[in-house]
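Proteins get letters first, then strands, A, B, ... in listed order; numbering begins at 1 in each. What you see below is based on every heavy atom in this structure, not just the backbone, and it leaves out hydrogens, waters and symmetry mates.
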Amino acid sequence: MIYGVFFLALKPARTRIAPSPTGHMHLGTARVALYDYLLAKKTGGQFILRIEDTDLKRNVPGSEQGIFDGLRWLGLQYDEGPDVGGKYGPYRQTERREIYSQHARILVANGSAYPCFCSTDQLEKTKQEQMKRKENPHYDGTCRDMDPDEAARRMAGGQAYTIRFRMPKEGTTIAHDHLRGDIVTENKQLNDYVLLKSDGLPTYHLAAIVDDHEMEITHVLRGSEWLGTFPLHVNIVRAFGWEEPIWIHLSVFLKPSGKGKMSKRETAAAVKDGYSIFIKDLDELGFTPEGFLNWSALMGWGVAEDDVMNLDQMMDRFNIDHLTSSPAAINFQKLDHFNATHIRLFSTEGLAGRIKPYFIREGLTVDDEVLLKIVPLLRERLVTLDDCLSFGSFFFMEDVIPNPDDLIAKGLDAKQSAAIARRMYEILLAQPDISHESCEPPLRIYVEESGLSANQVFGILRVATTGQKVSPPLFESMEIIGREKCLGRVLKAIEILEKL
RNA sequence: GCCCCCAUCGUCUAGUGGCCCAGGACGAAGCCCUCUCAAGGCUUAAACCGGGAUUCGAAUUCCCGUGGGGGCACCA
């Protein structure tokens, strides 16, 4: 038994993320992809991207590219996929038509499926009647027992048809989910679902099952919205006589209030607050792949402690047995926390590289030497990367324009503040350089002598040199700004104060 | 309406019959540190949905409620 578990753990897993290119890639897809990636990499297996584009009407141009880009941005590089190839391709379902119709024919031949000639109008009509009679809407079975010869005749005659799965009418289906155990469903609850549409393309039910088998997927991780058709899928696998993968139905995400799923409105509201569930928005909002991944990993995966992890650490610790099945409310404050925590973990060079684009996007000219010097000052202050702007833009500006009111120290007036500024100017001028080692001690002595608080005195200097009331540590900042600029800015501040 | 899933602090979770008067993290409150803002350190408040049953013993097993979520397409 012990050995069995041991070998099971080592068996390479093949996992896949199978999104439909119908819109922007979002949190839910990213989390499944993460778990897929972790499981595959941990076991030395492969992580695959498959595009499920069989609903031609819903496909959105550009959305497939968004999936490629999103996965790469997250650092979840797939081993096989439409744009990277692989020996189980093609990886786009619309390019696999022939495979599905072949398999549909196999099911028809072995009696597990049958052609259906009912029109959508007819179907809609019976549905309405069933609802009127307060029955559950279901396919009424008109073509289920049609004579095969007649069916063949109609098909030959060019009549449009679909292929439906022949669900057992009696007994129960036991489907096993790794997290939830056996899920028992009475077969009479199940419908004769369409497998192959009249346009010749498969529905999800056929396509996913066939592809997972053909691509030798060992673990199917998907959202719990598939639980309803889970028994169907299990029946299809069995009708083919195939071995089932390990099924894992993950929990769904609830909106922050915990009541229901994220709607369009909440999604838009989140962006207004500086958050998003769309991967494409994350970079602009200042989130890092590390922070985002860590955050999303922990909604649905329980770790006892030490919850800050990078991809490698997640891989070490990941285990499908620790996945949770209850719905999780999205908590953006926690996203902030993980983002800030990972930012603090970045190296100076690493963080410099991450924040530079934000300064540039703002139209600032970035001196790399200065950038490297300010990173240690900014690091523990950033929640999102774009916070570097409010904390560090002034380092790259020729001049700062302080708000005159901000130059006046608390409890004092403009005249008094000007006098203090002048005195500080004299002290700074007398120092050999602008280093914090040279400047801080004499200014501390001055604070002592003046009977004022450090807060009051240094506050004036902060606003004068940085142009803002909140900044990284004053003396270290001044050192980076440089002697000439600092002295000039103090002089200018005195001027402003004296005019008030 | 029918079917399925889920149920521990406000939130994410640990917990697989005694180690639990329930642990961690976010958030909150307080204190310390402090030139602002942070970061950091320390501390506090905060939960086993309800009711039965099994058991010497239940957050953990079973049943019934209740609440929440998902599904009932020629969409995925």
Using Watson-Crick or G-U wobble geometry with both distances below 3.5 Å, tell me the partner of [N], or none.
| N | answer |
| --- | --- |
| B:C26 | B:G10 |
| B:C33 | none |
| B:G17 | none |
| B:A53 | B:U61 |
| B:C2 | B:G71 |

Checking all strands, does [X] fall into the base, sugar-phosphate, or nothing category for heavy-atom contacts under 4.0 angstrom?
| X | result |
| --- | --- |
| A:P19 | nothing |
| A:F230 | nothing |
| A:W301 | nothing |
| A:P472 | base |
| A:V470 | base |
| A:S251 | nothing |
| A:N136 | base |
| A:T120 | base |
| A:P376 | nothing |
| A:G223 | nothing |
| A:L382 | nothing |
| A:T162 | base |
| A:E476 | base |
| A:L474 | base |

Tell me whether the side-chain N/O atoms of [X] come closer than 4.0 Å to OP1 or OP2 in [N].
| X | N | result |
| --- | --- | --- |
| A:K197 | B:A76 | yes |
| A:T54 | B:A76 | yes |
| A:T185 | B:C3 | no |
| A:R344 | B:G40 | yes |
| A:R164 | B:C74 | yes |

Say you pick atom [atom1] in [N] and the same atom in [M]; how far apart are they, in whole Å?
| N | M | atom1 | result |
| --- | --- | --- | --- |
| B:G57 | B:G52 | P | 15 Å |
| B:C12 | B:G65 | C1' | 28 Å |
| B:U54 | B:G10 | P | 32 Å |
| B:C49 | B:G41 | C1' | 38 Å |
| B:G30 | B:A38 | P | 14 Å |

Quiz item: With ring centroids as reference points, do A:F458 and A:F475 lie under 6.0 angstrom apart?
Solution: yes

Quiz prompt | Distance flag, aromatic centroids of A:F253 and A:H26, threshold under 6.0 Å | solution = no

Heavy atoms from other residues, nucleotides or ligands near [atom1] of [X] exceed 12 (cutoff 6.0 Å):
| X | atom1 | result |
| --- | --- | --- |
| A:K410 | NZ | no |
| A:E448 | CD | no |
| A:F68 | CZ | yes |
| A:R133 | CZ | yes |
| A:R180 | CZ | yes |

Quiz item: Taking the side chain as C-beta and beyond, is there a heavy-atom pair between A:L196 and A:L206 under 4.5 Å?
Solution: yes

Exercise. Report yes if some heavy atom in the side chain of A:H249 is under 4.5 Å from a heavy atom in the side chain of A:W226; otherwise report no.
Key: yes

Exercise. Would you kindly check whether a donor in the side chain of A:T203 faces an acceptor in the base of B:C74, or vice versa, at under 3.5 angstrom?
Key: no

Quiz item: Would you say the base of B:C35 and the side-chain of A:R462 have a donor-acceptor pair closer than 3.5 Å?
Solution: yes

Practice problem: Indicate yes or no for a side-chain donor-acceptor contact from A:Q189 to the backbone of A:E186 under 3.5 Å, with no hydrogens or angles considered. | Solution: no

Exercise. Keeping the roles fixed (side chain from A:W295, backbone from A:D336), state whether a donor-acceptor pair exists under 3.5 Å.
Key: no

What is the separation between atom [atom1] on [X] and atom [atom2] on [N], rounded to the nearest whole Å?
| X | N | atom1 | atom2 | result |
| --- | --- | --- | --- | --- |
| A:K261 | B:C5 | NZ | P | 18 Å |
| A:D192 | B:A73 | CG | P | 13 Å |
| A:W226 | B:C75 | CH2 | P | 11 Å |

Quiz item: RNA chain B: A:A328 or A:S471, which has the more 5' nearest nucleotide?
Solution: A:A328

Quiz item: Which comes earlier along RNA chain B counting from the 5' end, the contact point of A:Q93 or that of A:F458, where each point is its nearest nucleotide?
Solution: A:F458

Options [options], nucleotide nearest the side-chain atoms of [X]:
| X | options | value |
| --- | --- | --- |
| A:F391 | B:C37, B:C75, B:U36 | B:C37 |
| A:A329 | B:A14, B:U36, B:U11 | B:U11 |
| A:S198 | B:U36, B:C74, B:C4 | B:C74 |
| A:P137 | B:U36, B:G1, B:C74 | B:G1 |
| A:R180 | B:C35, B:C72, B:C6 | B:C6 |

Exercise. Using a 4.0 Å heavy-atom cut-off, write out nucleotides 23-29 of chain B from 5' to 3' as B (base contacted by protein), S (sugar-phosphate only) or - (no contact).
Key: BSBSS--

Quiz item: Which class fits the ring pair A:W247 and A:H233: parallel under 30°, tilted 30 to 60°, perpendicular over 60°?
Solution: parallel

Quiz item: For residues 434-447 of chain A, which residues have at least one heavy atom under 4.0 Å from RNA chain B?
Solution: A:R444

Self-check item: Verdict with supporting geometry, A:H205 and A:F165, ring-ring contact (aromatic ring centres under 6.0 Å, His included)
Solution: CA-CA 10 Å; A:H205 309 122; A:F165 190 67; 9.9 Å; no

